[in-house]
Number of protein chains: 2
Amino acid sequence: MSETVDRRITRTKRAIRAALVSLIEEKGFDALSVKDITARANINRGTFYLHYKDKFDLLDQTLEEVARDIENILLEITALSGIDVVKGKLPLSIVEKLFAYFKANAPVMQALLATKGNHALQAQIKKTMWHHVFEKNRATFIKKENLLVPPEYLISYIAAAHFGVVQEWLDGGCRETPAEMARILTYITFRGPLFAAGISSPNF
Amino acid sequence: MSETVDRRITRTKRAIRAALVSLIEEKGFDALSVKDITARANINRGTFYLHYKDKFDLLDQTLEEVARDIENILLEITALSGIDVVKGKLPLSIVEKLFAYFKANAPVMQALLATKGNHALQAQIKKTMWHHVFEKNRATFIKKENLLVPPEYLISYIAAAHFGVVQEWLDGGCRETPAEMARILTYITFRGPLFAAGISSPNF
DNA sequence: TAGATATTCAACACGGAGTTGATTATCTGT
DNA sequence: ACAGATAATCAACTCCGTGTTGAATATCTA
């Protein structure tokens, strides 16, 4: 029972969400007010407070939704591939799926990444990476004791790098295909940034 | 003439800056008001508006100052080393200096990186990297035509990755020394994240 | 020390935030 | 299609931070 949500709620939430995104694109999250949102959404201002505490709460909930989506993409794949986790085939397909998701939801992603949604998402991804790489270490080809640098920095490095590239891609209008982006990203990660820059690893 | 700044201005600006940082640490930038700042700084609220348009302007100016510092560290070194730009000696010393700066200004950096100062700084760094790596390409060992991935993504990757590691380091209380951090960071960048993870580059 | 200027102070208008209670509109389940 | 539930509207109100002003005061510089 009660798995269905009242259509009125769905409608207003959708309208609010859309208004939020367009306003973030237009004037940035800082500059927008609850009044702005409800005006653009053609919603009574009081109605907003029936669903959200304030604009920050709205942002948080939007963020959580996106975070859940991302998490699901990661889980869906890591679940399948107990065996195929070798030789970089897995990460490539993960990353490609993620890029496809980002492209499909480009406006929301752009809006969120322009706020501190960045931080929140990155923190969550780092947690997920840690969990899946080190704890239930199905990825048998990575072992914490083999690391040549502290694990927390390695994870931060990779997570932040990937987000940076995603952001650049979104800002540039998603010109490359998700598959191309996945290739680029895994290429840099697997071969190393300097190798990707056309240099054979120098001795330093 | 007039190279000296009125001491009253210096004092109030310093107080405002300090109040800003402590308040960001305490409740975050979103939640703080101009009233909060002036109260903590023991400053009349009207005085604030003599120097800043609003709290965002204050943040921007603080940000610009830090950005200038970073820029100067980068320039100071790249200026010296026309010859020694080979074999990774240069980047290591750059990065170490930067970490030292971050540690010395940890509270401000923490506060700024918790806001969208992150974005601003990252954008500026990317611009600087682009300029120094590709345009006046003194770094003769990197050539745009040799790149195996698009330059904008490579730069985004590296810049974001470095910021991610800096953030992790600051959040963890700067336990490693700047030298250690510089080693870790250049190690991952030169050898590649997966190599740093203890894997010999897999074929994918 | 004199003149300049930064700071203080009190007061003001303005606008968005968040809440409330009554009314109306719309949905859900049968 | 209907009745009951509940979501949205509307108007009104309080609260609080904002940004500005003009006059008085304090502090700096030269």
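Just so we're on the same page: letters track the sequence lines, and every chain starts at 1.
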Would you kindly compare B:Asp6 and B:Phe48 by the position of their nearest DNA chain D nucleotide and give the one closer to the 5′ end? B:Phe48
Against the side chain of A:Lys35, the closest entry in C:dA17, C:dA4, C:dT26 is C:dA17
Look at the side chain of A:Arg7 and the base of C:dT26, then say whether one donor and one acceptor between them are separated by less than 3.5 Å. no
Comparing A:Arg11 with B:Gly46, nearest DNA chain C nucleotide closer to 5' gives the residue B:Gly46
Any side-chain N or O of A:His51 below 4.0 angstrom from OP1/OP2 of D:dA7? no
Consider the side chain of A:Arg45, meaning its heavy atoms from C-beta on, and name the nucleotide among C:dG29, D:dA12, D:dC28 that approaches it most closely. D:dA12
Output yes when at least one side-chain N/O atom of A:Tyr49 is less than 4.0 Å from OP1 or OP2 of C:dG18, else no. yes
Using modelled atom types only, decide if a donor and an acceptor are shared between the side chain of A:Lys97 and the backbone of A:Ile73 within a distance under 3.5 Å. no
Round to the nearest Å and state the distance from B:Lys55 atom NZ to D:dG19 atom C1'. 15 Å
Name the closest nucleotide to the A:Val34 side chain, picking from D:dG19, C:dT26, C:dA17. C:dA17
Within the distance-only criterion (no hydrogens, no angle test), does the side chain of B:His132 pair as donor or acceptor with the backbone N or O of B:Leu75 below 3.5 angstrom? no
Short side-chain to backbone donor-acceptor contact, A:Asp36 and A:Ser33, under 3.5 Å: yes
Starting at NZ of A:Lys126, measure out to CD1 of A:Ile158 and round the result to the nearest 0.5 Å. 12.0 Å
Under 4.0 angstrom, heavy atoms only, what part of the nucleic acid is B:Asn44 near: base, sugar-phosphate, or nothing? base
N or O in side chain of B:Thr12 less than 4.0 angstrom from C:dT7 OP1/OP2: yes
For the pair made of CG in B:Asp54 and C1' in D:dT20, what is the distance, rounded to whole Å? 14 Å
Is the centre of the B:Phe29 ring less than 6.0 Å from the centre of the B:Phe56 ring? yes
The side chain of B:Ser33 lies closest to which of these nucleotides: D:dT9, C:dA17, D:dG17? D:dG17
Between A:Thr4 and C:dG29, is there a contact of a side-chain N or O with OP1 or OP2 at under 4.0 Å? yes
A:Arg14 CZ to D:dA7 P, in whole Å, measures 17 Å
Picking from D:dC28, C:dG16, C:dT26, which would you name as closest to the side chain of B:Arg8? D:dC28
